[in-house]
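Taking it in order: structure first as structure tokens, then the write-up.
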Protein chains: 2
Amino acid sequence: MPIAKLDPIDRKILAELQADGRMTNVELAKRVGISAPPCLRRVRTLEESGFIRGYHADVNSRALGFEVLVFAMVGLQSQAEVDLSAFEALCQGWPLVRECHMLNGEVDFILKCAAPDLSTFQSFLTGDLLTARNVASVKTSLVIRGAKDEPGVPFEVLEQRLAQTS
Amino acid sequence: MPIAKLDPIDRKILAELQADGRMTNVELAKRVGISAPPCLRRVRTLEESGFIRGYHADVNSRALGFEVLVFAMVGLQSQAEVDLSAFEALCQGWPLVRECHMLNGEVDFILKCAAPDLSTFQSFLTGDLLTARNVASVKTSLVIRGAKDEPGVPFEVLEQRLAQTS
DNA sequence: AGTGAAAGTACAGCTGA
DNA sequence: TCAGCTGTACTTTCACT
């Protein structure tokens with residue numbers, strides 16, 4: 001199911017639902033310029049084909065007491081596939097770790113971690129991350145302040161790109 | 001509006017809507033154990049008080065052709081507040097930059113960038129980021145593969161924490 | 001278009017300070 | 001007693017065939 005299967009209306013639907021995932025179907029249909037029933041069919045198709053993975057409320061973590069956001073750069077001793085997968089599995093089991101990406105270059109992984117306070121993070125750092133098997137080095141950077149945090153995909157870039165090649 | 005104002009039902013609502021933001025109100029009410037009208041009122045209150053910032057469809061960026069994800073570490077020449085804000089404003093205007101956080105330590109900012117392909121990212125890097133005023137150094141790391149990418153807040157951690165202090 | 005269900009509103013009852 | 005929250009009843013709007 002490549003991107004070629006998406007027409008401009010499908011892309012508009014995706015952009016609108018990315019901006020407001022609780023929009024009613026009639027409102028969505030009005031915005032994309034078709035009537036409600038075909039609009040709903042398109043949304044279902046986009047869900048089933050995996051273009052839409054789900055819908056999530058954007059919860060204000062700071063208001064809930066998560067004051068600490070940290071990026072951790074992790075280097076491993078062994079980069080064998082088994083060991084990489086083992087570390088990834090560990091990360092998936094740690095709730096404080098919200099994101100884990102394998103990188104090229106000097107470090108092996110970057111982790112984005114959220115915690116209620118510094119002491120919670122530090123007990124995770126020293127108790128879990130630094131003592132995990134195969135972890136060679138961890139460099140942490142505290143987020144002083146957030147300047148931008150956009151969920152999802154820049155549809156503007158996509159449309160520009162499609163306009164050029166058409 | 002501190003966290004103390006949230007009772008266990010409110011927290012359950014937040015957790016459920018974070019997991020599935022398009023759940024109907026009656027389904028939500030059933031899950032949290034109250035009837036629909038008060039449940040809806042609670043949701044509205046959570047929205048108005050800023051605990052819920054919005055709802056977003058989780059769009060599969062890779063299926064849409066965004067194959068490249070890059071973390072960029074940016075160092076500035078001047079860290080005066082005016083200059084920091086100026087750089088943040090630039091980032092807010094760049095659609096490829098999805099996240100921008102100010103860090104402590106050696107680098108000043110970490111940027112998370114999404115692009116359709118490497119050449120698009122490189123033209124952004126050389127044409128926009130590296131040539132921006134006050135940018136001293138940029139180190140980029142390409143994401144080889146993603147191992148975890150959870151939106152939102154780990155409610156498990158929150159509940160553990162509240163259970164201890166009660 | 002039409003049916004069945006959900007969202008949203010008004011009002012009355014319950015519970016705790 | 002009074003404030004706040006809950007549940008029942010009802011209307012309007014939406015989802016779905």
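Numbers restart at 1 for each chain; the letters A, B, ... are given by sequence-line order, proteins then strands.
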To the nearest Å, give me how far apart [atom1] ([X]) and [atom2] ([N]) are.
{"X": "Lys30(B)", "N": "dA7(C)", "atom1": "NZ", "atom2": "P", "result": "12 Å"}
{"X": "Glu27(A)", "N": "dA15(D)", "atom1": "CD", "atom2": "C1'", "result": "15 Å"}
{"X": "Met23(A)", "N": "dT13(D)", "atom1": "CE", "atom2": "P", "result": "19 Å"}
{"X": "Leu6(B)", "N": "dC5(D)", "atom1": "CG", "atom2": "P", "result": "12 Å"}
{"X": "Glu47(B)", "N": "dA7(C)", "atom1": "CD", "atom2": "P", "result": "13 Å"}
{"X": "Leu28(B)", "N": "dA6(C)", "atom1": "CG", "atom2": "C1'", "result": "13 Å"}
{"X": "Ile13(B)", "N": "dC5(D)", "atom1": "CD1", "atom2": "C1'", "result": "13 Å"}
{"X": "Arg41(B)", "N": "dT9(C)", "atom1": "CZ", "atom2": "P", "result": "10 Å"}

Report task. Tell me which nucleotide among dT17(D), dA15(D), dA7(C) gets nearest to the side chain of Pro37(A). Result ->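 Comparing dT17(D), dA15(D), dA7(C) against the side chain of Pro37(A), the answer is dT17(D).
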Query raised in the report: Are any of Arg44(B)'s side-chain N or O atoms less than 4.0 Å away from OP1 or OP2 of dG8(C)?
Result: yes
Query raised in the report: Is any side-chain nitrogen or oxygen of Arg42(B) closer than 4.0 Å to OP1 or OP2 of dT6(D)?
Result: yes
**Report entry** Aromatic ring proximity His101(A)/Phe109(A), centre distance under 6.0 Å
**Finding:**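 Ring centroids of His101(A) and Phe109(A) are no less than 6.0 Å from each other.
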Report task. Consider only side-chain N and O atoms of Glu81(B) and Ser85(B), and report whether a donor and an acceptor are under 3.5 Å apart. Result ->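 A pair is found: one side chain offers a donor N or O, the other an acceptor, under 3.5 Å apart.
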Query - Donor on one side chain, acceptor on other, Tyr55(A) and Gln18(B), under 3.5 Å - result: no
Report task. Please work out if Thr24(A) contacts a base, only the sugar-phosphate, or nothing of the nucleic acid, heavy-atom cut-off 4.0 Å. Result ->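 Sugar-phosphate contact only - Thr24(A) comes under 4.0 Å of backbone atoms but never of a base.
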Report summary line: Interatomic distance, CG@Leu14(A) vs OG@Ser61(B), rounded to 0.5 Å, equals 11.5 Å
